[in-house]
Novice: 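The structure's right below; bear with me while I get my questions together.
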Amino acid sequence: MKTNEIIRELMEKDGVKFNKLAAKLGLKPNALASRMKRGNFSTNVLNQMLDVFGYKIVLVPEEVELEDGWYEVEDSHDNEEERQASDDE
């Protein structure tokens, strides 16, 4: 799941409105909208966003099975490479 998809899912699950999330992060709504659209967050910004929902970043070995309520962030670079490869075919 992409980072911005995870944030949107957590917002929906917790009933947090976009403007409220922006305020909690000290951002203007349009600045948050721009970051969400790009979906590319620094570790610090992602950690601040996740903290609003009671989540944190944890590193685990790849073979660990995800439990219910856990999220795995897709590597956006892998997806971009896959798209470029399919476009070249």
Side-chain angles (χ1 to χ4, degrees):
M1 190 176 254
K2 294 180 183 175
T3 308
N4 54 354
E5 294 171 341
I6 293 169
I7 298 300
R8 290 187 192 283
E9 186 171 303
L10 293 173
M11 289 172 65
E12 185 176 319
K13 181 180 134 208
D14 289 3
V16 174
K17 301 289 183 197
F18 197 80
N19 289 344
K20 183 177 178 183
L21 178 59
K24 286 186 174 206
L25 297 171
L27 298 172
K28 293 184 178 181
N30 60 342
L32 179 58
S34 176
R35 289 182 182 196
M36 291 290 288
K37 184 176 181 178
R38 284 192 319 263
N40 189 5
F41 305 98
S42 70
T43 305
N44 288 339
V45 170
L46 179 58
N47 215 26
Q48 289 172 345
M49 295 174 88
L50 293 173
D51 189 54
V52 171
F53 304 103
Y55 280 78
K56 63 183 177 181
I57 297 170
V58 177
L59 303 176
V60 297
E62 288 183 4
E63 65 271 5
V64 171
E65 300 258 344
L66 296 181
E67 295 183 20
D68 287 341
W70 291 14
Y71 294 91
E72 181 175 357
V73 176
E74 291 179 0
D75 184 352
S76 60
H77 297 291
D78 287 346
N79 290 341
E80 192 171 308
E81 290 172 7
E82 288 172 11
R83 272 184 295 214
Q84 288 177 353
S86 67
D87 289 345
D88 292 341
E89 292 176 356

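Each residue takes its place number in the sequence, starting with 1.
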Novice: Could you walk me through whether Val45 and Leu25 pass the side chain to side chain contact (heavy atoms under 4.5 Å, CB included) check?
Specialist: CA-CA 9 Å; Val45 170; Leu25 297 171; 5.8 Å; no
Novice: Do Met36 and Phe18 come within less than 4.5 Å of each other through their side chains, counting heavy atoms only?
Specialist: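 With C-beta onward as the side chain, the pair touches.
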Novice: If hydrophobic clusters are built by linking Ile, Leu, Val, Met, Phe, Trp and Tyr wherever their side-chain heavy atoms come under 4.5 Å apart, do Val58 and Val64 end up in the same one?
Specialist: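 Yes, it is one cluster - the side chains of Val58 and Val64 are joined through contacts under 4.5 Å.
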Novice: Are Trp70 and Leu50 connected in a single hydrophobic cluster, I mean Ile/Leu/Val/Met/Phe/Trp/Tyr linked by side-chain heavy atoms less than 4.5 Å apart?
Specialist: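 In one cluster: no.
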Novice: Evaluate side chain to side chain contact (heavy atoms under 4.5 Å, CB included) for Lys24 paired with Val16, printing each intermediate quantity in order.
Specialist: CA-CA 10 Å; Lys24 286 186 174 206; Val16 174; 5.7 Å; no
Novice: Return the CD to CD1 distance between Glu74 and Ile6, rounded to the nearest 0.5 Å.
Specialist: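 Between atom CD of Glu74 and atom CD1 of Ile6 there are 8.0 Å.
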Novice: According to a hydrophobic-cluster definition based on side-chain heavy atoms being under 4.5 Å apart (Ile, Leu, Val, Met, Phe, Trp, Tyr only), do Ile57 and Tyr71 belong together?
Specialist: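 Linked, Ile57 and Tyr71 end up in one cluster.
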Novice: I'd like to check Leu32 versus Met49 (side-chain heavy atoms, cut-off strictly below 4.5 Å). Are they in contact?
Specialist: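 Contact flag for Leu32/Met49 side chains = yes.
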Novice: Between Leu46 and Ile7, is a side chain to side chain contact (heavy atoms under 4.5 Å, CB included) present by the stated rule, with each step listed?
Specialist: CA-CA 9 Å; Leu46 179 58; Ile7 298 300; 4.2 Å; yes
Novice: Where is the tightest heavy-atom contact between Arg35 and Leu27, given as atom of each residue plus distance?
Specialist: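 Here Arg35 and Leu27 meet closest at NH1-CD1, 4.1 Å.
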Novice: Where is the tightest heavy-atom contact between Gly39 and Thr3, given as atom of each residue plus distance?
Specialist: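 Here Gly39 and Thr3 meet closest at O-CB, 4.1 Å.
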Novice: Roughly how far apart are Asp14 CG and Leu21 CG, rounded to 0.5 Å?
Specialist: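 If I round to the nearest 0.5 Å, the distance is 10.5 Å.
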